[in-house]
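All remarks here apply to the structure that follows.
Chain A is the first sequence line, chain B the second, and so forth, proteins listed ahead of strands; every chain is numbered from 1. Model, not experiment: these values are computed from the prediction. What you see below is based on every heavy atom in this structure, not just the backbone, and it leaves out hydrogens, waters and symmetry mates.
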Amino acid sequence: MITPFIIKALDKKASWVVAILVAIAIFVPIANLALPRDSFFHIPNYAISLMGKYTCYALLALALDLVWGYCGILSLGHGAFFALGGYAMGMYLMRQIGTRGVYGDPVLPDFMVFLNWKELPWFWHGFDMFWFAAIMILFVPGLLAFVFGWFAFRSRVTGVYLSIITQAMTYALLLAFFRNEMGFGGNNGLTDFKDILGFDIQADTTRAALFAASCIALAISFLICSGIVRSKFGKVLVAVRDAESRSRFFGYRVENVKLFVFVVSAMMAGVAGALYVPQVGIINPGEFAPANSIEVVVWTAVGGRGTLVGPIIGAVLVNVGKTFFTAAFPEFWLFALGALFVGVTLFLPKGIVGSVSGLYGRATKPRDEHPNLHSAAKEAAAE
Amino acid sequence: MKEAKGSLLYLDGVSVAFDGFKAINNLSMVLKPGEMRAIIGPNGAGKTTMMDIITGKTRPDSGYVIFDGEIDLTQHDETDIAAMGVGRKFQKPTVFESHTVWDNLELALNRKRGVFSTLFYKTTGKDREQIDEILETIRLIARRDELAANLSHGQKQWLEIGMLLAQEPKLMLVDEPVAGMTDSETDETAKLLREIAKTRSVVVVEHDMGFVRNLDVKVTVLAEGSVLAEGSLDHVSANEKVIENYLGR
Ligand SMILES: Nc1ncnc2c1ncn2[C@@H]1O[C@H](COP(=O)(O)OP(=O)(O)O)[C@@H](O)[C@H]1O
Ligand SMILES: [Mg+2]
């Protein structure tokens, strides 16, 4: 049963992407740790931590593209799943601090001691074990996506309305996580992490390993996405994206189709967040900011939605741009981002990868795999 | 519903209003298993709305819609009704434009449609045979790998009919299948539908009188949401009310 799924997932293009990601996961840490500092190929620590961040963003964009590019669900709340995965990891990291906190409490994180709490809230139990946190990293975003999707897709909320309620969802979580009584560190969030799985979180080797883990997570997610979109179910996804009502009349249960990809996508976003937090050293409610989710949409649009490589390239390029831009002219970054989005929408509606493969496709083979995002847009506009 | 026994489709006293406007008004109709029926009527008579009601897109305000002698279709949604064996071709041809002709047919094939069944689905030799057979029937074999978006209007109509065939429904509802077709295409379509009707029940809505004559089946005339007359085409064409309401104009 699972074999045809894997064979399809590993088509030629996907195998290349996976091979490249694995190669990066191996050679970048070597170039960072083993090569002498003055070597031309040495990769400095700051670059590792930047690349680790970009990789997590790429995974988040890939997750969004699975629902948006392939199924037409424009989620403006994917940052929430990312942040929830991040908080789950953050809770594990907090519990690893133990007596090394400022107040030296063996069980309670510092912020709870500060708030005069006497015992650990029930939902913090179990997070001292990595396996439990790992399950929660998938389960919590998955559960939220399931509950949200169950109601939204069953009531046939689509298009702009759906996008708006996903924004409302992440905004509501932002407000909730800001409150100290919620028990997630309020405004300051979770930080001052010491170690992960027993390794010093600041050590160069740990950082390199986290980067490698992010690349592998991206490769695995890419494989899963590739398997999904190349299966018959993937064809159903595109059918739902282009003509939702028509697919119902062929007997497809659209709400289940959407629910499934939405949950899978939320879990991937959760993993991205969980890998992000130990690399940046903090998770706070700011990650739920609606603007964050919108940025993910921009990355995906720039790279090319409806292609699996597109969002990865888009996330990396835009964030490299952001890193330079915010260093050189910090006050103009938002304008640049807005201009980029408008420019891509007007001149490169299929994004970088979509446009390039469109040109290439016309020159070599008549069959272009995803030429029809336009008609999806038209359908959305007509509604 | 005792009266519905033995029928494939049984509509009784069906009404639906949109903002007070009665699009379907006390409509009753019986279709026997294996029967083909043509439905004619002026624009706005409620023909498409009738199909919306049968396929679960629109809930009627009152009346019964019984399928296969016992299933009340008003209690089910589009997906359920399609799975029960009701296929529908839309007035405006609607195919999956960014899929190839082949993929369109594969999606329509009467196979398990659940998330996990499709996720781990492996195309079988039987699928290929069946799709090739349909491609032959709808004359799109040469264009099987082309995107549906690149087909002509008439070809899209045919592809959609092919998709209905792949669905293997017990009842096929076909809304204005020859709109935008050339005369020879229209003749071919009539032939195709007669062929299809040998193995299942078909309801065809059409304006083209030549086409309806060609089908040579019982005709129901709809006007202002109810049945005006029923019988052979010659019989209904002679009906005063029909002439006044429809043919005369
Ligand atoms: N969803 C709807 N909302 C409002 N009015 C509708 C709706 N569907 C159909 N109608 C109206 O019902 C009448 C019958 O339409 P329709 O069934 O499409 O006619 P036909 O297919 O016979 O030309 C028309 O006047 C149409 O405007
Ligand atoms: Mg009509």
Mind ranking B:K57, B:H99, B:E106 by heavy-atom pairs under 4.5 Å with chain A and telling me who comes out on top? B:H99
Do you know which two heavy atoms are closest between [X] and [Y], and how far apart they sit?
X	Y	value
B:L107	A:A239	CD1-CB, 4.0 Å
B:S98	A:V238	OG-CG1, 3.5 Å
B:V115	A:N256	CG2-O, 3.7 Å
A:G251	B:A82	N-CB, 3.5 Å

Does the side chain of A:R246 reach to within under 4.5 Å of the side chain of B:E78, using non-hydrogen atoms? no
Would a 4.5 Å heavy-atom cut-off, applied to side chains only, mark B:T79 and A:V254 as touching? no
Given that the side chain runs from C-beta out, which part of [X] has a heavy atom under 4.5 Å from chain A: side chain, backbone, both or neither?
X	value
B:M163	both
B:E146	neither
B:N104	neither

Going from [atom1] on [X] to [atom2] on [Y], what distance comes out if it is rounded to the nearest 0.5 angstrom?
X	Y	atom1	atom2	answer
A:D242	B:T94	CG	OG1	12.0 Å
A:E255	B:D77	CD	CG	6.5 Å
A:S231	B:Y121	OG	OH	12.5 Å
B:F90	A:F249	CZ	CZ	4.0 Å
A:K232	B:L109	NZ	CG	6.0 Å

So does A:F347 have more than 12 non-hydrogen atoms from other groups sitting under 6.0 Å from CZ? no
More than 12 non-hydrogen atoms from neighbouring residues, nucleotides or ligands closer than 6.0 Å to CZ on B:R139, yes or no? no
Quick one: does any side-chain atom of B:R113 pair with a main-chain N or O of A:F250 as donor and acceptor, under 3.5 Å? yes
What part of A:Y252 lies closer than 4.5 angstrom to a heavy atom of chain B: side chain, backbone, both or neither?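 It is both, since atoms from each part get that close.
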Could B:E97 and A:R241 be called an ion pair, given the rule that one side-chain N must be under 4.0 Å from one carboxylate O?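 Between A:R241 and B:E97 there is no salt bridge, as every charged N stays at least 4.0 Å from the carboxylate O atoms.
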Check for me whether the distance between the ring centres of A:F233 and B:F116 falls short of 6.0 Å.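 No, too far apart.
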